[in-house]
Amino acid sequence: MMYDDLAHNEENPTPGVVINRPDGPNVYPGVLKDYTGKDVTPENFLKVLRGDAEGMKGVGSGRVLKTGPNDRVFINMVDHGAPGLFAFPDEILNATDLADALLDMHTNQKYREMVLYVESCESGSLFKNLLPKDIKVYALSASSPHQHSYACYFDDYLGTFLGDVFSVKWMEDSDLENLHQESLKAQFLLVRKEVNTSTVMHWGDLKLGSQKVSRFLGARKPHSKPAPPNSVDSSYDDPCLKTSVANPDVPLAILQAKKRKAETHEEQQHWQEQLDILHNNRLTLKMAMWNLARAVTGQEEKASHMLNTHHQHDIVRWSCYLDSVRIVHTHCFNLALNVYGLRLLHTLVNLCEHGYTAAQVLQATASVCPVAVSGVM
């Protein structure tokens with residue numbers, strides 16, 4: 001499943017070419033695409049996992065997992081995230097729906113063992129207190145439940161980032177290592193050490209960490225002999241980490257790079273105007289969330305406390321939080337299209353964990369969000 005908006009994007013100066021590291025090969029030709037564009041939805045993703053062929057008739061290739069009790073399954077998920085949420089192009093997958101799908105797969109013997117790697121902000125919140133330790137599922141998250149994940153490999157010519165730190169590190173390790181010899185736990189420990197921008201974590205059935213990576217990624221010969229452990233100087237100028245940026249700040253970093261690259265005063269002014277628009281749009285979203293918190297709590301001081309990024313609860317009251325997210329998504333701004341809005345959802349977590357209700361959030365949106373906002377970064 002891929003939105004497939006890169007290779008032939010009008011902003012891509014190399015049509016048909018997609019690279020994932022500086023001066024890397026074109027990885028686009030021959031890539032398998034069962035579902036693209038508007039077919040890439042949380043609902044379709046979960047139907048594919050559950051093997052719901054009937055539900056996928058007439059959609060994309062229609063292919064679903066036809067796995068059974070002797071099969072190993074590997075799932076790699078890459079997109080934006082928020083507490084308890086994983087973003088799709090136009091919609092949001094919540095952690096409890098993902099957990100329910102994994103439990104259904106276990107109950108219906110859809111796999112022997114399963115491994116998930118997830119690249120998104122707050123990706124650890126998809127598994128904390130949700131993924132059982134006894135259903136033969138092992139998961140890696142790019143970050144803890146309260147951290148951003150990071151983009152890296154900024155390309156001046158393409159004007160964008162080519163990858164994300166966690167994904168770059170595990171994929172490049174998989175290219176280098178003999179996967180018949182490297183265990184999942186060994187890869188986790190190596191990647192956790194090399195990713196110094198967030199805390200890579202593992203979840204679920206940790207005993208599966210002893211399995212070899214090849215059992216899930218398949219057999220392949222290493223591209224070159226990897227360096228011995230601890231042989232790399234800590235001062236090594238890592239081209240990925242050197243350009244790493246927190247994912248929420250990627251739109252800002254891209255515009256700043258375009259402004260630096262501008263050759264005329266007019267070009268500089270244009271990109272500065274775009275930066276101003278971005279900042280103003282983000283301020284609009286932040287003020288909307290603050291006004292929402294004020295309307296719910298009835299106090300400005302409490303509203304500021306709810307919005308404070310240093311005041312973040314783990315999600316316990318899931319029903320309140322997910323209902324509140326759906327309310328904001330429907331009545332205020334589309335969270336899949338307004339990436340910065342995802343950064344503000346900890347406010348809803350805090351409100352719910354302080355005893356406020358989704359009904360109060362809904363009532364507050366009537367005055368705070370009379371018109372839904374869309375397309376804001």
Side-chain angles (χ1 to χ4, degrees), residues 1-9 11-33 74-80 117-121 123 140-143 148-179 182 186-198 200 213-214 216-218 220-229 231-254 256-258 260-261:
M1 305 184 81
M2 56 186 292
Y3 200 65
D4 200 21
D5 61 344
L6 297 179
H8 300 289
N9 192 298
E11 294 187 30
N12 185 358
T14 57
V17 177
V18 176
I19 61 176
N20 59 12
R21 58 182 171 84
D23 302 316
N26 184 6
V27 297
Y28 187 70
V31 69
L32 299 177
K33 294 180 285 186
F74 176 77
I75 301 172
N76 181 42
M77 301 167 64
V78 183
D79 211 298
H80 293 291
Y117 281 10
V118 182
E119 175 81 66
S120 71
C121 291
S123 47
L140 259 59
S141 63
S143 61
H148 300 316
S149 64
Y150 280 67
C152 76
Y153 281 156
F154 185 79
D155 187 292
D156 286 319
Y157 177 65
L158 296 176
T160 192
F161 292 85
L162 305 180
D164 295 294
V165 178
F166 168 70
S167 293
V168 163
K169 292 302 182 182
W170 79 255
M171 289 182 184
E172 291 186 351
D173 174 68
S174 296
D175 282 341
L176 290 173
E177 295 283 352
N178 184 330
L179 301 186
E182 185 180 36
Q187 183 168 80
F188 160 70
L189 292 173
L190 184 146
V191 172
R192 180 168 182 160
K193 179 180 179 182
E194 292 196 350
V195 176
N196 61 14
T197 50
S198 60
V200 178
V213 178
S214 62
F216 297 89
L217 292 188
R220 65 183 305 167
K221 293 181 179 179
H223 288 186
S224 60
K225 186 177 180 180
S231 68
V232 179
D233 191 329
S234 61
S235 64
Y236 173 64
D237 193 16
D238 188 312
C240 171
L241 297 176
K242 183 174 68 173
T243 60
S244 63
V245 169
N247 269 309
D249 294 329
V250 164
L252 180 65
I254 289 175
Q256 289 171 335
K258 288 181 176 180
R260 287 194 301 270
K261 194 176 179 181

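Index from 1, following the sequence.
- Proximity of Ile19 to Val27: side-chain heavy atoms (C-beta onward) are nowhere separated by under 4.5 Å.
- In this structure the side chain of Trp170 reaches within 4.5 angstrom of the side chain of Asn76, judged on heavy atoms.
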For Thr197 and Ser244, what are the C-alpha separation, side-chain angles and deciding distance, and is it a side-chain hydrogen bond (donor to acceptor under 3.5 Å, both in side chains)? CA-CA 8 Å; Thr197 50; Ser244 63; 5.5 Å; no

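- Cys240 places a side-chain heavy atom less than 4.5 Å from the side chain of Val165.
- Distance check: Asn20 CG to Ser167 OG gives 10.0 Å after rounding to the nearest 0.5 Å.
- Closest approach of Leu162 to Pro22, counting heavy atoms only: CD1-N, 3.6 Å.
- Ionic pairing of Asp238 and Lys169 is present here: one or more N-O contacts between side-chain nitrogen and carboxylate oxygen are shorter than 4.0 angstrom.
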Determine, stepwise, if the pair Phe154 / Ile254 fulfils side-chain contact (heavy atoms from CB on, under 4.5 Å). CA-CA 9 Å; Phe154 185 79; Ile254 289 175; 4.3 Å; yes

Tyr150 and Phe166: CA distance, side-chain angles, deciding distance, ring-ring contact (aromatic ring centres under 6.0 Å, His included) verdict: CA-CA 8 Å; Tyr150 280 67; Phe166 168 70; over 10 Å; no

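- Side chain of Ser149 to backbone of Ala142: no donor-acceptor contact under 3.5 angstrom is found.
- Closest of all the heavy-atom pairs between Ala151 and Asn247 is CB-OD1, 3.6 Å.
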Check the pair Asp79 / Ser120 against side-chain hydrogen bond (donor to acceptor under 3.5 Å, both in side chains), numbers first and verdict last. CA-CA 6 Å; Asp79 211 298; Ser120 71; over 6 Å; no

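- Within the 4.5 Å cutoff, the side chain of Val118 has no heavy atoms near those of the Leu140 side chain.
- Between Met77 atom CE and Glu119 atom CD the span is 12.0 Å, to the nearest 0.5 Å.
- Within the 4.5 Å cutoff, the side chain of Tyr157 has heavy atoms near those of the Thr14 side chain.
- Annotation: the span from Asn12 atom CG to Asp5 atom CG amounts to 10.5 Å, rounded to 0.5 Å.
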Take Lys33 and Met1 through the test side-chain contact (heavy atoms from CB on, under 4.5 Å) and record every step on the way to the result. CA-CA 6 Å; Lys33 294 180 285 186; Met1 305 184 81; over 6 Å; no

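- With contacts defined as side-chain heavy-atom distances shorter than 4.5 Å, the pair Cys121/Pro248 qualifies.
- The NE2 atom of His148 lies 13.5 Å from the CG atom of Asp164; values are rounded to the nearest 0.5 Å.
- At least one side-chain heavy atom of Leu179 sits less than 4.5 Å from a side-chain heavy atom of Ser174.
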Could you go through the side-chain contact (heavy atoms from CB on, under 4.5 Å) check for Asp237 and Lys242 one step at a time? CA-CA 7 Å; Asp237 193 16; Lys242 183 174 68 173; 3.2 Å; yes

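- The distance from the CG atom of Asp155 to the CZ atom of Phe161 is 10.5 Å, given to the nearest 0.5 Å.
- Between Asp156 and Lys261 there is no salt bridge, since no side-chain N of the basic residue sits under 4.0 Å from a carboxylate O of the acidic one.
- Annotation: side chain of Cys152 is in contact with side chain of Val168 (closest heavy-atom distance under 4.5 Å).
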Leu190 and Glu177: CA distance, side-chain angles, deciding distance, side-chain contact (heavy atoms from CB on, under 4.5 Å) verdict: CA-CA 11 Å; Leu190 184 146; Glu177 295 283 352; 4.3 Å; yes

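- Across every non-hydrogen atom of Met2 and Leu32, the tightest pair is SD-O, 4.3 Å.
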